[in-house]
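Here is the structure we will look at.
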Amino acid sequence: MSRSAIGLGGSLGATLQRELQLAFSSPGRIVNPLMFFVIAVSLFPLGGRMSPDQLGTIAPGVIWVTALLAVMLSMESLFRSDFDDGSLEQLLLSPQPLYFHLQVKVLAHWLVTGLPLVVISPLLGLLLQLPAAGYAPLLLGLLLGTPALSMIAAIGTALTVGLARSGLLLAVLVLPLSIPVLVFGAGLVDTALNGLPLSGVVAVLGALLVLAGTLAPLAIGAALRISVH
Amino acid sequence: MSRSAIGLGGSLGATLQRELQLAFSSPGRIVNPLMFFVIAVSLFPLGGRMSPDQLGTIAPGVIWVTALLAVMLSMESLFRSDFDDGSLEQLLLSPQPLYFHLQVKVLAHWLVTGLPLVVISPLLGLLLQLPAAGYAPLLLGLLLGTPALSMIAAIGTALTVGLARSGLLLAVLVLPLSIPVLVFGAGLVDTALNGLPLSGVVAVLGALLVLAGTLAPLAIGAALRISVH
Amino acid sequence: MWQWLYKLGSPRHFYEMTTGFVPWLTGVSLFLLIVGVVWGLGFAPPDYQMGDSYRILYIHVPTSMGGMGAFVLLAMMAAMHMIWNIKMADIVAKVCAPVGAGYTALGLITGSLWGKPTWGTYWIWEARLTSYLILLFLFLGVMALRAAYDSERSGSKAASVLAIVGVVNVPIIYYSVYWWNTLHQVPSELGRDGSANPPEIFIPALFTGFAVIGLFFLAVILRSRNEILYRERRAQWVQDLLEKELADV
Amino acid sequence: MLTVANLGCERDERVLFDQLSLTVGSGMLMQIQGANGSGKTTVLRILAGLNSEYTGTVSWQGKPCRQVQQEFQQALFYLGHAPAINRTLTPLQNLRWFCALHGFSDDVAIHTALQELGLAGYADIPCHQMSAGQQRRVSLARLSLTTAPLWIMDEPFTALDRQGVSELEARIDRHAKNGGAVILTTHHSLQTTHLLTVVNLDALRMEVA
Amino acid sequence: MLTVANLGCERDERVLFDQLSLTVGSGMLMQIQGANGSGKTTVLRILAGLNSEYTGTVSWQGKPCRQVQQEFQQALFYLGHAPAINRTLTPLQNLRWFCALHGFSDDVAIHTALQELGLAGYADIPCHQMSAGQQRRVSLARLSLTTAPLWIMDEPFTALDRQGVSELEARIDRHAKNGGAVILTTHHSLQTTHLLTVVNLDALRMEVA
Ligand code: HEM
Ligand SMILES: Nc1ncnc2c1ncn2[C@@H]1O[C@H](COP(=O)(O)OP(=O)(O)OP(=O)(O)O)[C@@H](O)[C@H]1O
Ligand SMILES: Nc1ncnc2c1ncn2[C@@H]1O[C@H](COP(=O)(O)OP(=O)(O)OP(=O)(O)O)[C@@H](O)[C@H]1O
Ligand SMILES: [Mg+2]
Ligand SMILES: [Mg+2]
């Protein structure tokens, strides 16, 4: 017989592969968050009249808030189609451990949406006249922060997937929970610009990531069980 | 027979009534855009370290950009359920003129989502230390600008309603089109803070509103026909 | 003790046990409130620094603390509902959210009103104020989520998950905002040296403080009783109660 | 009433049908048949004017449908795969809007229609609280409200229980007897007393090939 | 295998069923019947463990399902109203993930299964380009992949053409013959050679009332 057992690792690999296939089959999944990020950031200089100096001051905040919004909005679709077409029920009824599958799903999603945001962020720093010392901490902060934000946003997505109009509700649930990541993330840039040592803030961001990565899947699983009900 | 003809007016009234019933049967429709507006605005001070003066400078831009995002995200659901459940096909196949029904639909949506944003905006001005002279032009600008933004956003919604993951794509389509409204809207506050006469900017905003209100329904109708295809 | 707690967990027993308790709680709270307000507003001397504006503290401090306490209560009830599926816990969680949100909003409003004479502005982005604002957002999120569900049961479970996640976040938010604030220059820290206050000012504060907290529990209990009657409206005991009430009228 | 000449349609380079010609007149009941994927839904959507990717002509009372669009839409009742029922609204609210879209209001008729379909107590209950079949019934209540002579229905029997199916069959029959016309698809074998024309898309494709 | 004792469920204050007891053993084929809205979908979701708002017990091999959850899920194949097919992915990708969720990989079997269902050339075409019935067939291909003994299926015949229906009937029959168990709902009259137990929810409600 051609059937071969693949174990937990193989099964998680299949979930990862499926998510990546989904992302690459509709390139919008990857490109749209990026475009949103760039367009939304460039709205701010249009909305106010600011000197280059002032722009540089608000740059970390604007970039981080927009990244947060982009991550959150891109997460909106994480469970949507699975919910609509019944795949989510299959995942919940699978004998495989849900916890790890959810972790992998969020990770896959971050790889195709969050990571590109991180990569492109220096460009936006340039647009907003971010001082030179700010680029490295901006990148580092986003690299640690966006996966944590993805995990937090996934909780909100899981809680709202059964609801028709979820976009704004998702924001209302997720934004307050994301504030610590935002504060330390944007704070990292400020700290660097003020010439203070970074290690403490980096450690906190790392801790937040670990915390979100381990606890969020539990909340996501519980939320999904409620949603399919 | 109990049947009575109701004419175009009655038919439009029924559409208005239906939209309002939908809004009031799920209070989230009204409250969520408001909450998003307040929460998102308060993220900006958290993201950066600014003195009250600096905050006051960026306040008009931040409030306008956030209002734009709130209007746009709230429009996401405008045709969603109608598309999913087939009501949209019924609307397109109805012998009634589509143009006016679409106008009424967007108007109803603005009444329950856009108007509350306008009403609450002074509170956000307070949070962001907007100087006293800025409040009246902020209100006036949003009053003229948000319906125009709703019309523009509805075009994007109509174009993306057939797509599974629309949130971010919608933003990518709508934000660039909304820039004129944003520039003149936020510009109105700046003009007032600089003590310059407002009438010119107000006239432009009014013209944008009329333009959007008359032309957008045509684009929305065409987009919907493509989407149901 | 356990017996008693167990009984409280049943809506019917909760209803019956609180029936006698409500008038007492109402009376005591109102008494404390009237004494505290009359004493505080009418007889306590003006503060040597802040004049009369300090009097808002009589409401500000207890409502602020009540708002925070309410979220902890909400999360505890949510956890009990999730783990042991206790109906009564969900009822309390449901009614606790709007009351807590109201207290939080009152704390914010009274604080802002006090801020105007004290700092010259209604709002500053200061650690405690900011984290308190976020607490309000968390309350609103829990309420919005519950309202968004059509099914009562799914809504309550979803709101429970969010309340638990939220309470885990509260200390994190507090420290993050505090940290963020340390690089800020703040116009004025919230002074907390109540010991400096003379007893004429301090004692009425105790009265209003307990009154406001008593009113919190009163609101929660009264709303819970309504909710119990609504949810159990088909149960025999509620029908009997209704008949008795109708007969009395 | 409706005349179709040389209708052809291809999707993703596969010809679904070609040279499909048919005429639907007053009193006719036409069933479009075919295996899964043969193009039944596609035909119905083209006839209703929801799909314009085709060759050939579709005409109403002798004129191309696109030219007499309003007139045609006045005469058409279309029931797609989706029930066109908003799940948040109640049956009453849903049906009221349907009536308004067709320029009239008639609450009495709505209540009667719901009653006929066994939904007497459900007029004011949000539709999401109903089972699949009950929602379908709300959708079908429109048959009693519309005055359109031409009905186009895509798998109208989906989700109905046996009683529902036979009631709907009777309803369709009655409409044809009263001079209306019905075009429908179903995988179920229709029991009607009325003249039934069957168009088999599979057979058509065979012929062409 | 599956024992249900005194199952009761109410929705919005209406008792759907109460004191429903049944046993499904190896080789059994059980059809849950009832009018629209009688609670068939609800029963199946409770049995599958997707709905926990009920009174009574559901046990698997003598132990409550919730306690032996993993074991039970290993033995269960559930087919809901929705096809559990991602419309962006191809049938092959969809079915591969299904296999992975059950801990194995077997591309050969997937291709065979698709072929049996008349979808030979469709393995690499995105599912959104298929008709309603074709999508349903992709979903049914899982029947040939799963090794679970207990099948729970909610209206599995929806959207299938006649040939599809009879093939599926034969498939179900074979599974029961081989010692599996099937619980399903359908409004269609089943043609199986195998022992068929019918549970009628309407009759049950009558009795209680
Ligand atoms: C966690 C919530 C809060 C608690 C427990 C709290 C508690 C207190 C206490 C005990 C005082 C008395 C200080 C004294 O004796 O001088 C005080 C003062 C004050 N509070 Fe609050 N408060 C809270 C939130 C707020 C908020 C949200 C605002 C503003 C919107 C605010 C504005 C003020 C102001 C302006 C003062 C006077 C400050 C001064 O003397 O410098 N408080 N608060
Ligand atoms: N989400 C819900 N909230 C409240 N009540 C519901 C909900 N879904 C279904 N119901 C009610 O529960 C009853 C049973 O629904 P269910 O879907 O189980 O019926 P069914 O037997 O599968 O019917 P059908 O043949 O139409 O599919 C219905 O009367 C319906 O009104
Ligand atoms: N969106 C689409 N894009 C490309 N091809 C499509 C699309 N939808 C359907 N098709 C193809 O068109 C053909 C006809 O589809 P259609 O939905 O009309 O079939 P049908 O006869 O209604 O089948 P069923 O009985 O399964 O409902 C199918 O073979 C399908 O593969
Ligand atoms: Mg079809
Ligand atoms: Mg069902």
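Every chain is numbered from 1, with letters handed out A, B, ... down the list of sequences.
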For chain E, the option from D:A159, D:G118, D:A132 that forms the most heavy-atom pairs under 4.5 Å: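 The option with the most such pairs is D:A159.
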Could you list each N or O donor-acceptor pair linking chain E to chain D at a distance under 3.5 Å?
{"unit_1": "E:N36", "atom_1": "N", "unit_2": "D:D161", "atom_2": "OD2", "d": "2.8"}
{"unit_1": "E:N36", "atom_1": "OD1", "unit_2": "D:R137", "atom_2": "NE", "d": "3.1"}
{"unit_1": "E:N36", "atom_1": "OD1", "unit_2": "D:R137", "atom_2": "NH2", "d": "3.3"}
{"unit_1": "E:N36", "atom_1": "OD1", "unit_2": "D:D161", "atom_2": "N", "d": "3.2"}
{"unit_1": "E:N36", "atom_1": "ND2", "unit_2": "D:A159", "atom_2": "O", "d": "2.7"}
{"unit_1": "E:G37", "atom_1": "N", "unit_2": "D:S131", "atom_2": "OG", "d": "3.1"}
{"unit_1": "E:S131", "atom_1": "OG", "unit_2": "D:G37", "atom_2": "N", "d": "3.0"}
{"unit_1": "E:R137", "atom_1": "NE", "unit_2": "D:N36", "atom_2": "OD1", "d": "3.0"}
{"unit_1": "E:R137", "atom_1": "NH2", "unit_2": "D:N36", "atom_2": "OD1", "d": "3.4"}
{"unit_1": "E:A159", "atom_1": "O", "unit_2": "D:N36", "atom_2": "ND2", "d": "2.7"}
{"unit_1": "E:D161", "atom_1": "N", "unit_2": "D:N36", "atom_2": "OD1", "d": "3.2"}
{"unit_1": "E:D161", "atom_1": "OD2", "unit_2": "D:N36", "atom_2": "N", "d": "2.8"}
{"unit_1": "E:H187", "atom_1": "O", "unit_2": "D:R162", "atom_2": "NE", "d": "3.4"}

Chain D contact via E:I125 - which portion, at a heavy-atom distance below 4.5 Å: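 Answer is neither: E:I125 stays 4.5 Å or more from chain D.
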